[in-house]
Each structure stands twice: as C-alpha cells, then as structure tokens.
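Written out below as structure tokens is the structure these notes cover.
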Amino acid sequence: MLFSKMLIPTLREVPADAEAISHILMLRAGYVRQLASGLYMYLPLGWKVLNKINAIMKEEMDAIGGQEISLPVLHPAEIWQQTGRWDAIGDEMFRLKDRTDRDMCLGMTHEEIMTWLASREIKSYRDMPQVWYQIQTKLRDEARPKSGILRTREFLMKDSYSFDISDEALDKNYRLHAEAYHRIFERCGLKFFMVESDPGMMGGAVSHEFMAPSPAGEDEVALCPSCGYSANVELALSRPRETELAGWEKAEIHTPEKRTIQEVSNFLKLTPDFFIKSILVITDNGPVLALVRGDQELHEKKLSRVIGQHRPAQKAEVKEILGVEAGFIGPMGQTVKIIADPCLKDGMYVSGANKPHYHVRGIMAERDFTAEWHDIHVARSGDICVKCGDALAVERVIEIGNIFKLGTKYSSALKALYLDENGTEKPIIMGSYGIGPARIAAAAIEQNHDKDGIIWPKSIAPFDVEILPLNMKDPLTIDASEKLYRELKERGIDVLMDDRDERAGVKFKDADLIGIPFQVILGEKTLREGLVEIKNRKTKESLRVPLSTAIGMIAL
RNA sequence: CGGGGCGUAGCGCAGUCUGGCUAGCGCACCUGCCUUGGGAGCAGGGGGUCGGAGGUUCGAAUCCUCUCGCCCCGACCA
C-alpha cells in the first residue's frame, strides 16, 4: 500500500479530548476518529489492526471446535422478557419500537438469542457439545463512555457460547476456552492474567476475567506472586497485615466531639488499625451493621454479595436504629444484624460506646459482640494471601476477556431442553465467553509505546514493514524503493511505502507514530554505497545491508 | 445520575473578567521558489453560523436566560 493513497490522517498535536495514552496515540496516528461520545470510526489502519486480531481469535476458536455464525443486532423484547433481563437491565439497554409498536432492543450481549437458537436446534444429548461464536457489534448505553475505545457504546465483541449435557462437559468447554484465550492474548503480544471474577448480572456461579495490566484500566486485581492466587479486587480474599496485640482492660473512654476514626485515633494516640469501623446500611430486610478494621475500607460489592442491595443509613436513621448519633456507634450490645470482617476475630479494639462522646477500649469479638464473618474489606497491596501467607500485589488492569459458567439460567428460562439417553427432558448446560478486540488493541498500545508513538506487536501491526524512501526526487531512491516494494509484496509481505514528497523528518516522525515494527530506510547516501537500513521500531537499532539481502531478511 | 472543566478555522489555543472598528495566533491546507537523514525556510492565498436559541444594548465571541454537545472524577457497568 502506498502511503500517499491511504487515509492516514496523522496529527502533530495531542487532541484536547484525549487523556488515555492509547486514545491519544490512536487519534494522532490516524487509526480512529470519534463520531460522538462512545462512538468511534475505525480508519484504514485501525480496521486492519482489528481484523488481524479477529483473524487470530477465529483461528483459536476454530481450533477448539467453535463454529462461527452471525446473529441479529436487533432483538425482539419477548426473548429478553423471558429471561427477566428486559427488566433486570436498566438504562444500559438501548430500546426502541418497530412500526407496529412492538418492543425491540439492541443486543448488548447474546445469551438470549443464542439460547433461543439452541432451543430450536438442539434436541438430543447426541447433538452436544456445541460451541457457537460470532464477532459482532454490541450496543450498550454506557453511563459513562471513556478512555477512547476502551469503553464505548458500540463495540465489536467475539462472543461464544457452549452447550453441554453435564457439568463435567461444561468444565471441559470452559477449560478449552480458557486455554484458547491464553493463546489469543499471547499471540496478540499482551501481558495478561486470568483472575477469578464476580459473575454479576450474567448469572452462573463461576467466572474468570482476562486482565491486561495498564494504568488506563478500570479494574484492579489482587495477585499473589508465590502461589498464583489472582482475583478481581471485587472478590479478592486477603488478610490485612496483623496488628499488635493490645492487653487492655475493657473500659469506656470519654472522647468529646471525636467522631471519625482519624479524630479518635489522634486523640487517643493509637493507630487506626486498633479501631473497629462500624457502618450502618439499610437493606430491604432491615438495617445491617458492617464492621471493618479502622485502617481498612469497606468494599460495597463484597457486602452486596452477602446482604444484597443496600444503601448507607442517613444520620437520623443511625440515631433511630442504634440509639446514638453517628460517630459513637459500635457493635457492643447491639441487636441489629452484624457482618464483620474476619480480621476482627482476633485482637482487642476500640470502638464507639453507643453513648454520646464515649468510646470503648478493649472490645473483643465473640465476648463483646457476635457477628457473621465475611471478607468485606478492600484488598490492598501488601495484604496477606489467604492461600499461602505471602504478600499480595494489587494492580490496575484492562478487562480484555471473560468467561462464565452459566449453568441452566438461560436454557431453563427459554426452554432450551434436550432428551438424555433415558429419554428424560433436561435443560442444556451453558457457558458464555467474550473478548473485546478493540480492548486488545488499546491494551497493546498501552503496554507497547514510547514517547514517539505506538510499537505494535508484530502479530497485530497494520503492516509488516514500512519503506521510507527519504528523497522522492532522487531517481536512485525511487528505483530502489519501488523494486523493494514490489519484491516484498510478491513474497506476501504486507508493506506500506511512504511515497509522499515529504522531508525525511516528517516521514520518520509519522513512521514512529504509526508504529509498524520494522522500517526500511532508503537514503541517498547509503543507497550509493548499495545499502539500505533496516530499523527496529522497538529497539531503534538499525542494520545496514545490501538491498538484496534486505529483501531476504524481511521476508523471514 | 452527582461533582468539576470545556465548546472560537481540520488540530492546538488567545480574546470573554472590564461589550466597541474588518475576530486573532501557531500548525495543517492551496500556489510558487527553495530544501531533502528527525515534524525546514521565504513569499502569496483559501477557510469562521465564535456550539444553538432567545434576551439586554446604539453595538454581543464577551452580559443574562434556556438549551445542546464533549472531556475528567464519582455512582453504575452484561
């Protein structure tokens, strides 16, 4: 491809709206343009990258027996109503009506439609296992699109679905997908981990996420370097580092006007880890008192998994329910349901005395209060791994893929049933598996760039090599570059030639920005010595070799 | 949805507080000359509903009201 003929609108300056590195570089290097919030167009270079990623995904999906199909983007409401997600999913679903006033929606995922298909076409245990996948557009009315193509309202997804007769068979498809996903992300040149995750609205019991470490990510994962434990912080188990054991006699202390942990901690000259933080929340089934250690944060999602939907209590509610104003509440003597973090099981603590302007020193679990024990604190770097006792690391990550064991949630609701060998009707056991190719591209840039631009992994670069004839008015340069271009193309190399009549500096800047892994530089002087220069975008090392040798070297 | 910021040429910005002549600058773009190993130089040129609507005023990019859009933080997130 000739640069002069291709739409590659590079930008010299950083667009004001972009903040994430991948976003800035994709705009500057002419890969994407934004249409509206969360809506992006892929220009020729961007689309080539996406297609390379898609090709890798297809190969690996086909390799585990996946069959590519294509489903509609526009869905009738009834199917979503049957699984309950028409109501369970709120504003995130784009909804519309057709001309006959029938409710429709735009697909944000395809469990319903895939299961509908399975309900018609899979009838016997002999028909399984099946794995169907597609690479197709999803639409979600995101509350807050952000970071360029990392979180958009319309995006491509590779989604696959497995249909099995038993949990063991599902396990196998789940494992095959996990392995395929490992290969896909490896081939795309990403650093990533697979972590335990919260199935959330997808239903099902088990799920894992594939996470690419990057400061631009929206999630955090806890990782144990020793035993390999890894989980999204939304459910990562950890033990905060232990504190000293205090040997107090239990006693009330006057703490006038000292309400927050910080205030009381300063007042008593005790570090926050000697305190119990008591947080009152309101659920549909009444109030719950959540306890974490004073130096810890309560994790809302972890608590939600234990007690369901809840909201923080208002000041008036605290007083009404616990009989004391906020700031002096504590677990002692309370009759409300208490959920406490396990790190409070041992040791002695200070907490509110349930009496205005008093705290109690020397509180012990079981002796002074009883609770249900659940890990509800936010895991942090340096916390102790519950599996092996080593220190955990917490890293910021981009979610690039996920896999779910769905079980029979969708097949039961949509009557996707089959007959087993005994002639008994049973719901199909399902799994669903997703990858966002745009996130792979963005993560690859986040992980591979320098001050000059993108450094693509070879496997997903838009071209294999870029030829830079530095002086387009020099006949020798033109001849040599055209020869090189032709011969590389003949050998099946995907090559971009910067044939623009631009100065050398412009071509160098653009080439580095665009990030094709190898540059072949044809300068007048070196060419007269019969040499061209092969430069590695990543290492910036270059090699001077005869033209004929260059062709052979690049062809490798 | 809550908080903050911003909309002036393709991109980056100044001008707005304190209203005033023909709305400016850099880059990009077009023409010519020149130049060709890291975003050159000179000369000439094109491009603007100042996000939109309404209002105040002799006069509005600038003041007032409403509205639309975009970004960031948070909530939310199959």
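Reminder, nothing fancy here: chain letters follow the sequence lines and each chain counts from 1.
Here the separation of B:rU49 from B:rU8, taken at their P atoms, is 11 Å to the nearest Å. B:rC21 and B:rA60: their C1' atoms are spaced 15 Å apart (whole Å). B:rC13 and B:rC50: their C1' atoms are spaced 14 Å apart (whole Å). Comparing the P positions of B:rG19 and B:rU31 gives an interatomic distance of 45 Å, to the nearest angstrom. A distance of about 23 Å separates the P atoms of B:rG37 and B:rG32, rounded to the whole Å. Using atom C1' as the reference point in both B:rG48 and B:rC66, the two lie 25 Å apart (nearest Å). B:rA28 and B:rC11: their P atoms are spaced 15 Å apart (whole Å). Spacing between B:rC58 and B:rC72 at atom C1', rounded to whole Å, works out to 43 Å.
A:H110 and A:K138 form a side-chain donor-acceptor contact under 3.5 Å, judged by distance and modelled atom types alone.
Not a single donor-acceptor contact under 3.5 angstrom links the side-chain atoms of A:E524 to the base of B:rG37. Scanning atom types as modelled, no donor and acceptor separated by under 3.5 angstrom connect the side chain of A:S37 and the base of B:rG69. Evaluation of atom-type donor-acceptor distances gives a pair under 3.5 Å for the side chain of A:K535 against the base of B:rG38. Under 3.5 Å, the side chain of A:R144 and the base of B:rG4 form no donor-acceptor pair of N or O atoms. Judged by distance alone, with hydrogens and angles left aside, A:E13 brings a side-chain donor or acceptor within reach of the base of B:rG26, the pair sitting under 3.5 Å. Below the 3.5 angstrom threshold, one finds no donor paired with an acceptor across the side chain of A:N471 and the base of B:rG37.
By the neighbour-count criterion of 12 heavy atoms within 6.0 Å, atom NZ of A:K97 is densely surrounded, having more than that number from other residues, nucleotides or ligands.
Between A:L35 atom CG and B:rC70 atom C1' the separation is 12 Å, expressed in whole Å. Atoms CG (A:D510) and C1' (B:rG37) sit 15 Å apart, rounded to a whole Å. Atom CD1 of A:I24 is separated from atom P of B:rC70 by 19 Å (rounded to the nearest Å). One interatomic measurement links the two molecules: CZ of A:R500 to P of B:rA28, which rounds to 12 Å at whole-angstrom precision. Between A:L11 atom CG and B:rC29 atom P there is a gap of 12 Å when expressed in whole angstrom units. Rounded to an integer number of Å, the gap from A:H310 NE2 to B:rA75 P is 12 Å. Atom pair A:I534:CD1 and B:rG37:C1' shows a separation of 17 Å (rounding to whole Å applied). If you measure from atom NZ of A:K473 to atom C1' of B:rU35, you get 9 Å, rounded to the nearest angstrom.
Of the two residues near RNA chain B, A:Q34 and A:E533, the one whose nearest nucleotide lies more 5' is A:E533. Map A:E502 and A:R12 each onto its nearest nucleotide of RNA chain B; the residue landing nearer the 5' end is A:E502.
Residues passing the ring-ring contact (aromatic ring centres under 6.0 Å, His included) test with A:F210 are A:Y181, A:H182, A:F185, sequence neighbours excluded.
Residue A:A18 is classed as having no contact, given no heavy-atom separation below 4.0 Å to the nucleic acid. Using a 4.0 Å heavy-atom distance criterion, A:D91 is classed as making no nucleic acid contact. Looking at heavy-atom distances under 4.0 Å, A:S147 makes contact with sugar-phosphate atoms alone, never a base. Across all strands, A:R28 comes closer than 4.0 Å to base atoms (heavy-atom distances). Using a 4.0 Å heavy-atom criterion, one finds that A:K146 contacts the sugar-phosphate atoms exclusively. Counting any heavy atom pair closer than 4.0 Å across all strands shown, A:D474 reaches no nucleic acid atom.
For B:rG12, the paired nucleotide is B:rC25, the pair qualifying as Watson-Crick or G-U wobble because both relevant distances are below 3.5 Å. Pairing for B:rC1 is with B:rG74, a Watson-Crick or G-U wobble pair whose two hydrogen-bonding atom distances lie under 3.5 Å. Across every strand in view, B:rG7 sits in a pair with B:rC68 that passes the Watson-Crick or G-U test at under 3.5 angstrom. When Watson-Crick and G-U wobble pairs are counted only if both distances are under 3.5 Å, B:rA60 pairs with no nucleotide at all. Pairing for B:rU18 is absent, judged as Watson-Crick or G-U wobble with the two contacts each under 3.5 Å.
For the pair A:D198 and A:K301, the salt-bridge criterion is not met [side-chain N within less than 4.0 Å of a carboxylate O]. Between A:E78 and A:R102 there is a salt bridge, with a side-chain nitrogen of the basic residue lying less than 4.0 Å from a carboxylate oxygen of the acidic one.
Under 4.0 angstrom from either OP1 or OP2 of B:rA40 there lies at least one side-chain N or O belonging to A:R503.
Picking from B:rU36, B:rG38, B:rC70 the nucleotide with the shortest atom distance to the side chain of A:D501 gives B:rU36. Closest approach to the A:A143 side chain among B:rA75, B:rU36, B:rC27 is made by B:rA75 (side chain taken as heavy atoms from C-beta onward). Ranking B:rG39, B:rG12, B:rG37 by closeness to the A:T10 side chain, first place goes to B:rG39.
Between A:H23 and A:Y40, the two ring planes are perpendicular [angle over 60°; tilted spans 30° to 60°]. Using cut-offs of 30° and 60° on the angle between ring planes, the pair A:Y31 and A:W456 is tilted.
Between A:V49 and A:P462, the shortest heavy-atom distance links the atoms CG2-CD, 3.7 Å.
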